[in-house]
**Student:** 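The structure is given below, and queries will be raised subsequently.
Counting from 1, the numbers follow the sequence of the chain as shown.
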Amino acid sequence: MTLDMILEEIKKANTIAVLAHESPDGDAIGSVLAMSIALENMGKNPDRLISEFPRKFKFLPGAEKVKASSDIEKYDLAIALDCSDLRRLDGKEYFENAKKTIVIDHHGTNTMFGDINFVNPVAPACCEILVGIFTYFELDIHQDLGTCILAGIITDTGGFKYQGVTPETFEFTAELLRKGVKVSEIYEQALETRTRSNFELLKRILSRMEILEDGKVTFTYITSQDEEEVNAEAGDHEGLVEVGRGVEGVEVSIFIRQIDKELKYKVSMRSTNDVNVSDICYLFGGGGHPRAAGCLIQGTIEQVKEKILKEVHNALEHRK
Ligand code: 5GP
Ligand code: MN
């Protein structure tokens, strides 16, 4: 059984790197921190490797132990979390050099790039998969571990509101609440609190937001210059794509963000019901989930907008 194999590899390893996808969100960070605490509880001394740590998640237990890079070149074991493919993995060199590799993820587009792969595309968050794994390992999910896991679940479910939330999500949350985990504080920090830079970016994306395709699509953008002007740091753009989806009648929200002042944009998409944005992003070499996905497209704002809108238009025409 896969989980026994994972446990076996953990037991054997002396050095362990814990990694997640680049530009990490709350689920990626929650997963790295939770897995690392679990490994510590198993007597290991893992390295939490995240090259750019978003400031809004610094409140999470173990965040102070995160390192941007490591001196160890060849880990006994590398664990990739919440990451669908090697290309998107932050710290991929540690993964590629490791003697053994494990992938734990919930993306339907996962390429199974580890020696051992534990992928459940119906799980609403990678952190929810970890609950099952830790329970199988008979670990006590206590305060710190619970806090990290919940931060991931709350982020990826938009605060328990997206499709994919399971009865187990609530049962697990209730159990943590009983154990004294401060659910409302985590919710507040992970979802309701904006950095000042994020707020300034929000003002810009709102003023630029176009409503297209008979009110079914929103489009907006930020440039590298915007980010510079508002002193944005890693992760400060997080959540901006959600704004468009909340508009009545909108089925697809598109948000693009310039990368490194180049003619290159990171596309983030969200959908409400019928449109599978993962399929659309897959056409451009990206992926994700049916209702939340991303990809990278070269070009000017207008060119990128045109490319993506064409596919969104097709998807709206051809949906069931
Ligand atoms: P976000 O829009 O929040 O950056 O990403 C939404 C979802 O799509 C996340 O689950 C994220 O992991 C995934 N995603 C974003 N960009 C890419 C990409 O370029 N490739 C793949 N495979 N997945 C992506
Ligand atoms: Mn996730």
**Student:** Heavy atoms only: give me the nearest I308-C295 pair and the separation to one decimal.
**Tutor:** CD1-SG, 4.4 Å
**Student:** Decide yes or no for I37 and C148: does some side-chain heavy atom of the first lie under 4.5 Å from some side-chain heavy atom of the second?
**Tutor:** yes
**Student:** Are side-chain N/O atoms of Q225 and E229 paired as donor and acceptor at under 3.5 Å?
**Tutor:** yes
**Student:** With clusters defined by side-chain heavy atoms of hydrophobic residues (ILVMFWY) lying less than 4.5 Å apart, directly or transitively, does I186 cluster with F53?
**Tutor:** yes
**Student:** Ignoring hydrogens and geometry beyond distance, is a side-chain donor-acceptor pair present between D47 and Y75 at under 3.5 Å?
**Tutor:** yes
**Student:** Walk me through it: do V165 and F170 pass the test side chain to side chain contact (heavy atoms under 4.5 Å, CB included)?
**Tutor:** CA-CA 8 Å; V165 169; F170 290 106; 3.2 Å; yes
**Student:** Any luck finding a side-chain donor-acceptor pair between T166 and E128 under 3.5 Å?
**Tutor:** yes
**Student:** Are any of the side-chain heavy atoms of L86 and T111 separated by less than 4.5 Å?
**Tutor:** no
**Student:** Determine, step by step, whether F95 and V103 satisfy the side chain to side chain contact (heavy atoms under 4.5 Å, CB included) criterion, reporting the C-alpha distance in whole Å, the side-chain angles of both residues, the deciding distance to 0.1 Å, and the verdict.
**Tutor:** CA-CA 10 Å; F95 194 90; V103 167; 3.9 Å; yes
**Student:** Tell me, with the steps shown, if K65 and S36 meet side chain to side chain contact (heavy atoms under 4.5 Å, CB included).
**Tutor:** CA-CA 10 Å; K65 295 187 191 169; S36 300; over 6 Å; no
**Student:** Can you measure from CG (L263) to CD1 (I297) and round to the nearest 0.5 angstrom?
**Tutor:** 13.5 Å
**Student:** Step through the shown structure and confirm whether more than 12 heavy atoms of other residues, nucleotides or ligands are within 6.0 Å of CD on Q143.
**Tutor:** yes
**Student:** Could you tell me whether R48 sits above the aromatic face of F57, with NZ or CZ closer than 6.0 angstrom to the six-membered ring centre and within 45 degrees of the axis?
**Tutor:** no
**Student:** With a sphere of 6.0 Å drawn around CD of E96, does it hold more than 12 non-hydrogen atoms of other residues, nucleotides or ligands?
**Tutor:** yes
**Student:** Got a sec: does the NZ of K307 have more than 12 other heavy atoms crowding it under 6.0 Å?
**Tutor:** yes
**Student:** Can you tell me how far the CG atom of D85 sits from the CZ atom of R87, to the nearest 0.5 Å?
**Tutor:** 5.0 Å
**Student:** Using 4.0 Å as the upper bound for N to carboxylate O, is an ion pair formed by R208 and D226?
**Tutor:** yes
**Student:** Is there a side-chain hydrogen bond (donor to acceptor under 3.5 Å, both in side chains) between D156 and H289? Walk through the geometry before answering.
**Tutor:** CA-CA 11 Å; D156 261 24; H289 308 291; 4.7 Å; no
**Student:** Rounded to the nearest 0.5 Å, how far apart are CZ of R291 and OG1 of T272?
**Tutor:** 8.0 Å
**Student:** I'd like to know whether NZ of K11 has more than 12 heavy-atom contacts from other residues, nucleotides or ligands below 6.0 angstrom.
**Tutor:** no
**Student:** Using atom types as modelled and distance alone, determine if a side-chain donor or acceptor of N198 lies under 3.5 Å from a backbone N or O of D236.
**Tutor:** yes
**Student:** Indicate the atoms forming the closest heavy-atom contact of V275 with A315, along with that distance.
**Tutor:** CG1-CB, 3.9 Å
**Student:** Just wondering, more than 12 heavy atoms not from E73 lying within 6.0 Å of its CD?
**Tutor:** no
**Student:** Please answer whether the main-chain N or O of A20 pairs with a side-chain N or O of D90 as donor and acceptor at a distance below 3.5 Å.
**Tutor:** no
**Student:** Please tell me if the side chains of L130 and S31 come closer than 4.5 Å, counting only heavy atoms from C-beta onward.
**Tutor:** yes
**Student:** Output the distance between atom CD1 (I222) and atom CD (E200), rounded to the nearest 0.5 Å.
**Tutor:** 12.5 Å
**Student:** Within the side chain of K99, is there an N or O that forms a donor-acceptor pair under 3.5 Å with the backbone of A13?
**Tutor:** no
**Student:** Does a sphere of radius 6.0 Å around CZ in F137 hold more than 12 heavy atoms from other residues, nucleotides or ligands, not counting ones at 6.0 Å or beyond?
**Tutor:** yes
**Student:** If you group Ile, Leu, Val, Met, Phe, Trp and Tyr by side-chain heavy-atom gaps below 4.5 Å, do Y265 and V312 land in one group?
**Tutor:** yes
**Student:** Tell me whether R196 at atom CZ has more than 12 heavy atoms from other residues, nucleotides or ligands lying less than 6.0 Å away.
**Tutor:** no
**Student:** Nearest 0.5 Å, what's the CD1-CG distance between I29 and L81?
**Tutor:** 12.0 Å
**Student:** Can you tell me if D82 uses its side chain to pair, donor with acceptor, with the backbone of H21 under 3.5 Å?
**Tutor:** no
**Student:** Against S197, only a single residue in H237, R55, E227 fulfils side-chain hydrogen bond (donor to acceptor under 3.5 Å, both in side chains); can you say which?
**Tutor:** R55
**Student:** Just verifying a value: how many Å separate I72 CD1 and K67 NZ, rounded to the nearest 0.5 Å?
**Tutor:** 6.5 Å
**Student:** Is there a side-chain contact between F59 and E185 (heavy atoms, below 4.5 Å)?
**Tutor:** no
**Student:** Could you check whether T147 and D144, counting side-chain N and O atoms only, form a donor-acceptor pair closer than 3.5 Å?
**Tutor:** no
**Student:** Could you walk me through whether N41 and F134 pass the side chain to side chain contact (heavy atoms under 4.5 Å, CB included) test, one step at a time?
**Tutor:** CA-CA 11 Å; N41 292 347; F134 298 158; over 6 Å; no
**Student:** Can you tell me if CG on D214 sees more than 12 non-hydrogen neighbours from other groups inside 6.0 Å?
**Tutor:** no
**Student:** Quick check: do R257 and S23 have side-chain heavy atoms less than 4.5 Å from each other?
**Tutor:** yes
**Student:** Would H142 and D140 count as a side-chain hydrogen bond (donor to acceptor under 3.5 Å, both in side chains) if you check the C-alpha gap in whole Å, the side-chain angles of each, and the deciding distance to 0.1 Å?
**Tutor:** CA-CA 6 Å; H142 57 86; D140 179 30; over 6 Å; no
